[in-house]
Enquirer: 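Once you've had a glance at the structure underneath, I'll fire off some questions.
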Amino acid sequence: MPPKEPPRRRVPGPARPRSAAGGQGRPRPAARRPSSPARRPHPPRGRTARPLRLGNPRPRLRLVSLALTLVMLAFVVRLLQVQAVDAAAYSAKAKENRYLSYTISAERGEITDRSGIALATSVDAYNITADPSMFTPEFSKAPDAPQQAAALLAPILGTDATELTRKLSQKGRYVVLARRQTPQVWNQIKDLKSVFAEKAGKDRASGGPGANVLAGVFQEATTKRVYPNGGLAAGILGYVNADGKGAGGLESQLDKELAGEDGKIRYAQAGGRRVPTAGTKEVPAVPGSDIELTIDRDIQWAAQQAISDQVKKSKADRGYVVVQNTRTGEVLAMANAPGFDPNDLSQADAASLGNAALQDVYEPGSTSKVMSMAAVLEEGAATPGTHVTVPNRLHRGDRLFKDDIDHPTWYLTLNGVLAKSSNIGTILATGELGKTQAEANKVLYSYLRKFGIGSPTGLGYPGETPGILAKPQDWSTSQQYTIPFGQGLSLNAMQAASIYSTIANDGVRVAPTLVRGTKGADGRFTAAAPPERTRVVSAKTAKSLATMLESVVGDEEGTGTKAKIPGYRVAGKTGTANRVDPVRGGYHGYTASFAGFAPADNPQITVYCAIQNPTKGSYFGGQICGPIYKQVMEFALKTLQTPPSGSGPARLPVSFKPGE
């Protein structure tokens, strides 16, 4: 029999609620009853039941979704604007802020003398620049960065701190604080920058702002014009302005050749530092050409020293000396006193900044008589031996003429008229140039023009004067007689020297030159164009005039005996003219001068000297300019190794005895 199943134990269940009749319900197996939701407990008696409702999340989700959609839409619109609509503008602005561009200054060409010795050259220098955006409080971490930086830089740059503050406070990414500063100046600024950068780094490490008021100061490599010989030949060379452009003299006249062509560089930067991997665009600068002058530095020095000493000794307004090669027309020296130092224009007198030897116009006086004599000889009106009776006074027109000294009647040859520099004798000789005075005036005028009076010298120098020579029909009554001896016409010192070079060169005028040639960036030398040559008088007339001019220096009765040079035959002429005062008007004071060439038998060098308004000592040209002529001519002859004369001078008679 199978074993009996043990009886099941009843497990007490939860008490069922009483029925409405109050009976105790009998429990039924749970598996056999259908499931039904649990009933909520009844609220306590005396209270109203409030239903509990959950919020609907859908409206809120829609609102959040709408807000996110609008935000994303705004981003999309902005993105389209930046990358599509205004892409070019924003790209340009980004490049502007990121990239810096500046000019690479071309190296200015040298100016040298005829031997290649530098008279004007360029040395390394720096433009001190700044990025004003780096001086804002946000970048520099200092509220007054421009003021602090200006106070530090002003003593180094020698600039007003207020002006520096203005530049550092302006808008933009680039400003020049100072141009063409020496390397020493930049080194001082660089040392200061290092000190402030180190201090800013330590401040940041300790939790401070790390202010650096010099972080935005930079440099650009450039060049600075210097003149190694100081004021030597300053009147010829001129000077450059603060921008490095020629502003006077040959620096201005030949600025295009000297300046070259500037280059450009463009590079990326960040925080004031160059980004080497971001690409750089550079157009290299083309250096300027070197200019070789006809000037000899040593002769220039001798001429400048001599005229400066005499101007000081005579307490004169100014003076000039011109030295010229008689055959080639090359100017070997052109000295002015007082002069100036182009290295420091702040100390220069404005009246001395030009080249007075080319820019001053004045009446030459008796040195001009050689042109009158050339006309008389060339026209056959007289010969060197022609007798000329010279009275103490000569009445012509509305004036009574005299010589520089009172004298009894002189019985002079035409050679003697020139040797003794007689005004009256010159008037009488030139009167023979025509049947009437009007005809004589026209003939004389034509020769004066041939010698270059009233025309530019051909140098093309800035501010050069062509001189003053009225047409003969416009000559006043007095001018008809004063122009033959050098009053009533005007010229410059270079023109005066050229007159004597023409006589020395057998009567052929060679236009003066200052430039021998140029040397380009490729190193090739290009010679200057040959000067213009013009026949003025015949070789025979020129030889006769040279011999007559020797009498001025060699004869005891001549006025230029102080110009004698042992071993050399010297031809020359003195001049003492009434001077037109440009300030007061009218005649006041004198112009003393001396002109000549040597050796007279084989002319090589012409020297001309003039001193304006000497007020101490003698004012006669033979007395104060004759010695300068001798000093400069001796030096030039030795420097150029010119051999002494091989023969003695021809002795032409100066006077004659009445009745002969």
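Quantities reported herein were computed from a predicted structural model and do not represent experimental measurements. Reckoned from all heavy atoms, side chains included, excluding hydrogens, waters and symmetry mates.
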Enquirer: For Asn423 and Asp404, which I'm curious about, is there any donor-acceptor pair between the side chains at under 3.5 Å?
Expert: no

Enquirer: Measuring from atom CE of Met373 to atom CG of Leu545, what distance do you get when rounded to the nearest 0.5 angstrom?
Expert: 9.0 Å

Enquirer: Charged N to carboxylate O under 4.0 angstrom, Glu110 versus Lys519?
Expert: no

Enquirer: Please answer whether the main-chain N or O of Leu459 pairs with a side-chain N or O of Gln253 as donor and acceptor at a distance below 3.5 Å.
Expert: yes

Enquirer: Consider only side-chain N and O atoms of Thr591 and Gln612, and report whether a donor and an acceptor are under 3.5 Å apart.
Expert: yes

Enquirer: Between CG of Leu119 and CD1 of Ile111, what distance do you get to the nearest 0.5 Å?
Expert: 7.5 Å

Enquirer: Just checking, is any N or O donor in the side chain of Thr534 or Lys450 under 3.5 Å from an acceptor N or O on the other one?
Expert: no

Enquirer: Does Ser352 use its side chain to pair, donor to acceptor, with the backbone of Phe340 at less than 3.5 Å?
Expert: no

Enquirer: Regarding Asp398 and Thr477, do their side chains bring together a donor and an acceptor under 3.5 Å, going by distance alone?
Expert: no

Enquirer: Only counting residues at least two apart or in another chain, list the ones meeting side chain to side chain contact (heavy atoms under 4.5 Å, CB included) with Ala528.
Expert: none

Enquirer: Considering only heavy atoms from C-beta outward, does the side chain of Arg327 approach that of Pro603 to under 4.5 Å?
Expert: yes

Enquirer: Keeping the roles fixed (side chain from Arg108, backbone from Glu251), state whether a donor-acceptor pair exists under 3.5 Å.
Expert: yes

Enquirer: For residues Ala303 and Val321, report the shortest heavy-atom separation together with the two atoms involved.
Expert: CB-CG1, 3.8 Å

Enquirer: Once rounded to the nearest 0.5 Å, what's the spacing between atom CG of Leu394 and atom NZ of Lys402?
Expert: 13.5 Å

Enquirer: I would like to know whether Gln347 and Asp341 meet side-chain contact (heavy atoms from CB on, under 4.5 Å); could you show each step before the answer?
Expert: CA-CA 8 Å; Gln347 302 298 319; Asp341 184 353; over 6 Å; no

Enquirer: Under the salt bridge (charged side-chain N to carboxylate O under 4.0 Å, His left out) rule, collect the residues that match up with Asp243, sequence neighbours excluded.
Expert: Arg179

Enquirer: Using ring-ring contact (aromatic ring centres under 6.0 Å, His included) as the criterion, list what pairs up with Tyr447, not counting sequence neighbours.
Expert: none

Enquirer: Could I get the full list of side-chain hydrogen bond (donor to acceptor under 3.5 Å, both in side chains) partners for Gln487, not counting sequence neighbours?
Expert: Glu363

Enquirer: By side-chain hydrogen bond (donor to acceptor under 3.5 Å, both in side chains), which residues pair with Gln604, not counting sequence neighbours?
Expert: Asn602

Enquirer: Asp403: what forms a salt bridge (charged side-chain N to carboxylate O under 4.0 Å, His left out) with it, not counting sequence neighbours?
Expert: none

Enquirer: Please check: side-chain N/O of Ser308 versus main-chain N/O of Gln305, any donor-acceptor pairing under 3.5 Å?
Expert: no

Enquirer: Testing the basics here: between Ala595 and Tyr608, what is the closest heavy-atom pair and its distance to 0.1 Å?
Expert: CB-CD1, 3.4 Å

Enquirer: Using 0.5 Å steps for rounding, measure from the NZ atom of Lys224 to the OG1 atom of Thr121.
Expert: 13.0 Å

Enquirer: Identify the two heavy atoms, one from Gly230 and one from Pro342, that lie closest to each other, and give their separation to 0.1 Å.
Expert: O-CD, 3.4 Å

Enquirer: Nearest 0.5 Å please: distance from the CZ atom of Arg535 over to the CG atom of Asp506.
Expert: 7.0 Å

Enquirer: Treating Thr413 as the side-chain partner and Val654 as the backbone partner, does any N or O pair qualify as donor plus acceptor under 3.5 Å?
Expert: yes

Enquirer: Please find the pair of heavy atoms, one from Thr294 and one from Leu332, that lie closest to each other, and give the distance.
Expert: O-CD2, 3.7 Å

Enquirer: Taking the side chain as everything from C-beta on, heavy atoms only, tell me whether Asn229 gets closer than 4.5 Å to Gln304.
Expert: no

Enquirer: Determine, step by step, whether Tyr445 and Lys471 satisfy the side-chain contact (heavy atoms from CB on, under 4.5 Å) criterion, reporting the C-alpha distance in whole Å, the side-chain angles of both residues, the deciding distance to 0.1 Å, and the verdict.
Expert: CA-CA 7 Å; Tyr445 173 84; Lys471 293 183 179 181; 3.9 Å; yes

Enquirer: Can you confirm whether Lys564 is buried at NZ, in the sense that more than 12 heavy atoms of other residues, nucleotides or ligands lie under 6.0 Å from that atom?
Expert: yes

Enquirer: Side-chain contact, heavy-atom cut-off 4.5 Å: Val515 with Leu293?
Expert: yes

Enquirer: For Ser478, which residues count as a side chain to side chain contact (heavy atoms under 4.5 Å, CB included) partner, sequence neighbours excluded?
Expert: Arg399, Ser476

Enquirer: What residue pairs, at least two apart or across chains, pass side-chain hydrogen bond (donor to acceptor under 3.5 Å, both in side chains) with a residue in residues 627-646?
Expert: Asp601-Ser645

Enquirer: How about Cys609 and Ile307: do any of their side-chain heavy atoms sit closer than 4.5 Å?
Expert: yes

Enquirer: What's the separation between atom CE in Met494 and atom CG in Asn355, rounded to the nearest 0.5 Å?
Expert: 10.5 Å

Enquirer: Please name all residues satisfying side chain to side chain contact (heavy atoms under 4.5 Å, CB included) with Glu257, sequence neighbours left out, ordered by chain then number.
Expert: Leu254, Ile291

Enquirer: Test Leu353 against Tyr239 for side-chain contact (heavy atoms from CB on, under 4.5 Å), laying out the working first.
Expert: CA-CA 9 Å; Leu353 287 178; Tyr239 51 91; 4.2 Å; yes

Enquirer: Testing the 3.5 Å rule here: is there a donor-acceptor pair between the side chains of Ser421 and Lys369?
Expert: yes

Enquirer: Taking only residues two or more places apart in sequence or in another chain, which ones pass side chain to side chain contact (heavy atoms under 4.5 Å, CB included) with Ser455?
Expert: Arg449

Enquirer: Whether the side chain of Tyr500 engages the backbone of Val370 through a donor-acceptor N/O pair (distance < 3.5 Å, no angle test) should be reported.
Expert: no

Enquirer: Show your working on salt bridge (Lys or Arg N to Asp or Glu O under 4.0 Å) between Arg516 and Asp113 and close with a plain yes or no.
Expert: CA-CA 9 Å; Arg516 294 190 76 191; Asp113 82 335; over 6 Å; no

Enquirer: Do Leu414 and Leu377 touch side chain to side chain, with heavy atoms closer than 4.5 Å?
Expert: yes

Enquirer: With heavy-atom distances below 4.5 Å as the criterion, would you say the side chains of Thr574 and Thr576 are in contact?
Expert: no

Enquirer: Whether Arg114 and Asp298 form a salt bridge (side-chain N of Lys/Arg under 4.0 Å from carboxylate O of Asp/Glu) is what I want to check.
Expert: no

Enquirer: I'd like to know whether Asn492 forms a side-chain contact (heavy atoms from CB on, under 4.5 Å) with Asp360, so could you lay out the CA-CA distance, the side-chain angles of the two residues, the decisive distance to 0.1 Å, and finally the verdict.
Expert: CA-CA 6 Å; Asn492 62 47; Asp360 272 9; 5.9 Å; no

Enquirer: Please name the pair of heavy atoms, one in Asn392 and one in Ile424, separated by the smallest distance, quoted to 0.1 Å.
Expert: O-CD1, 3.6 Å

Enquirer: Please name all residues satisfying side-chain hydrogen bond (donor to acceptor under 3.5 Å, both in side chains) with Asp296, sequence neighbours left out, ordered by chain then number.
Expert: none

Enquirer: If I compare all heavy atoms of Gly621 with all of Phe594, which pair ends up nearest, and what's the gap?
Expert: O-CB, 4.4 Å

Enquirer: Is any side-chain heavy atom of Arg396 less than 4.5 Å from a side-chain heavy atom of Leu428?
Expert: yes

Enquirer: In terms of ring plane angle, is the pair Trp301 and Phe635 parallel, tilted or perpendicular, where the classes change at 30° and 60°?
Expert: tilted

Enquirer: Suppose we screen for side-chain hydrogen bond (donor to acceptor under 3.5 Å, both in side chains). Which residues come up paired with Asp581, at least two apart in sequence or across chains?
Expert: none

Enquirer: Side chains of Arg297 and Gln300: closer than 4.5 Å at any heavy-atom pair?
Expert: no

